[in-house]
Each structure stands twice: as structure tokens, then as C-alpha cells.
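These notes are about the structure you will find just below.
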Amino acid sequence: MAAALSVVRRSRRSPTRTALLTRLEHNKDVENLDTIPGIGPAAGEIIIAETGGDMAQFATAGHLASWIGVCPGMNESAGATKSARTCNGNSNLKRLLVIAAMSVTRNKDCYLSAYRRIAARRGRQRALVAVMHKLTVAIWHILRNKTRYQDLGADYFTRRDPERAMRRMTKETNRLGLTVRFEPIAATA
């Protein structure tokens, strides 16, 4: 009888160990998601609850973005662009990402704060959807690679392509009726 009880106790323990390990893994994922600007612990819990925390079901970040519904639609026929509305998706995560994107737009020193740059060209609503998409891509990479968020910086695009930034500045000064000349700074030893 004692042997039968020990077998029953062992069988009861194994699911709880598995559940405990799963819970610890989810806690680590929530901590990693908390490093993203605009995403807090409560938002991380909701993201884990809605997606399941396993990114194996989403082949790419674009698949996750499409499932959430933050990919702009593309409807083109005979060269005429029609509606570019976002598709329907997970309304809970979409609502959460709207709030997170709105809070990120107030931060000027973050890679995700591309809102102002995009809003100047495309409008506020499209810029908000673009920031939501950037957040979704960051979430996918963090949950897939089990890493913390590493911010690229607000000047990432300027550092990536300095010639493009110089062309943009030249066009802006020419519109104002001025000319500008760029000369490299001599390296100091």
C-alpha cells in the first residue's frame, strides 16, 4: 500500500514540476518583455496569455503582425492603390499595442519613437500603426530568442545611411532658399 501511495505522489508531482517550470519560463519572458519601452509587466502577461508565449507557431515577425492585425493592407488593381486599412486580428493585443505605441511616441530617445518622422510624411494614424508594427516585431524577436530588448537609438537610421540624411537636409535647406555644404571633420588624435 505504501508503494502504491508513493507512485501516486510521484505522478502528482511531475505535472506540478512541469507547470512550475513553464511558469518560471513565462516569468522570464514577462521580464524580457518589460524591457521594451511602452510594455509593462501587466502588458507582458497579456501578450503571453494571448500568444501562448511560443513563437514557433509564427514563422516570422510578419506572421505575428498579421495575426494581431497591425499589417497595413495592400489592395492594388491596375496600378490604382485602393484601401490600405489594417486587417482584422486579435482585438485584445491590438488594443494593448495602441496604448503601448502611444506611450512610446512620447519618448524621443528610443528607436521605437519613429512616430514623428513617419507622421510628418504619412500622417498620425499611419505612424501609430507603424510604431505598433515595430513593437510587434520586437515582441516576436524577444519571445523567440529569449533575450532582452536592446534599443538601437533614435539616430539609428541616420547612422545606418548618413548619405541619405545629408540628402534630406540638403533638400530641406534648398526649400528654405539656402545652400549648405558638408565637409568631413578631420579626425583628432
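Values reported hereafter were calculated over all heavy atoms of this structure, with side chains retained and with hydrogens, waters and symmetry mates removed. Remember, predicted model here, so these are calculated numbers, not experimental data.
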What do the steps show when you test Leu97 against Ile139 for side chain to side chain contact (heavy atoms under 4.5 Å, CB included), and what is the final call? CA-CA 11 Å; Leu97 286 175; Ile139 289 167; 4.0 Å; yes
Heavy-atom pair with the smallest gap, counting every atom of Gly53 and Lys146: O-NZ, 4.1 Å
Indicate the atoms forming the closest heavy-atom contact of Ala100 with Gly38, along with that distance. CB-O, 3.4 Å
Could you measure the distance from the OG1 atom of Thr170 to the CD atom of Glu163? Nearest 0.5 Å is fine. 11.5 Å
Sorted by chain and residue number, the salt bridge (charged side-chain N to carboxylate O under 4.0 Å, His left out) partners of Arg168 (sequence neighbours excluded) come out as Glu172
Using a 3.5 Å distance criterion without hydrogens, assess whether the side chain of Thr173 forms a donor-acceptor pair with backbone atoms of Met169. yes
Just do the side chain to side chain contact (heavy atoms under 4.5 Å, CB included) check on Met55 and His141 with the steps written out, would you? CA-CA 9 Å; Met55 292 294 115; His141 282 287; over 6 Å; no
List the steps and the verdict of side chain to side chain contact (heavy atoms under 4.5 Å, CB included) for Ile47 and Leu93. CA-CA 7 Å; Ile47 291 167; Leu93 278 179; 3.8 Å; yes
Correct closest heavy-atom pair for Cys71 and Ser66 would be SG-N, 3.6 Å
Reported CZ-to-CD1 distance for the pair Arg148 and Ile36, which is rounded to 0.5 angstrom: 11.0 Å
CG of Leu33 to CD1 of Ile48, rounded to nearest 0.5 Å, is 5.0 Å
Can you tell me if His63 and Thr60 form a side-chain donor-acceptor pair at under 3.5 Å? yes
Is the count of non-hydrogen atoms from other residues, nucleotides or ligands lying under 6.0 Å from Glu31 atom CD greater than 12? yes
Is Val70 reachable from Ile99 through a run of I, L, V, M, F, W or Y residues, each pair having side-chain heavy atoms under 4.5 Å apart? no
Enter the distance from Glu45:CD to Ile39:CD1 here, rounded to the nearest 0.5 Å. 12.5 Å
If Ile, Leu, Val, Met, Phe, Trp and Tyr residues are connected whenever their side-chain heavy atoms lie under 4.5 Å apart, and connections chain through other members, are Ile118 and Tyr156 in the same group? no
Single-linkage hydrophobic cluster Val137~Tyr149, side-chain heavy atoms < 4.5 angstrom: no
If every non-hydrogen atom of Met132 is compared with every non-hydrogen atom of Ala101, which pair is closest and at what distance? CG-CB, 3.7 Å
Tell me every residue that passes side-chain hydrogen bond (donor to acceptor under 3.5 Å, both in side chains) with Lys134, counting only those two or more places apart in sequence or in another chain. Tyr111
Is any side-chain heavy atom of Met166 closer than 4.5 Å to one of Pro162? no
When the aromatic ring centroids of Phe58 and Trp67 are compared, is their separation below 6.0 Å? yes
Is it true that a side-chain atom of Gln57 and a backbone atom of Thr51 form a donor plus acceptor pair closer than 3.5 Å? yes
Are Ile68 and Val129 in one and the same hydrophobic cluster, where Ile, Leu, Val, Met, Phe, Trp and Tyr link if side-chain heavy atoms are under 4.5 Å apart? no
In terms of heavy-atom contacts, Pro41 and Val30 come closest through O-CG1, 3.8 Å
In Å, rounded to the nearest 0.5 Å, how long is the span from CG of Leu64 to NE2 of His133? 9.0 Å
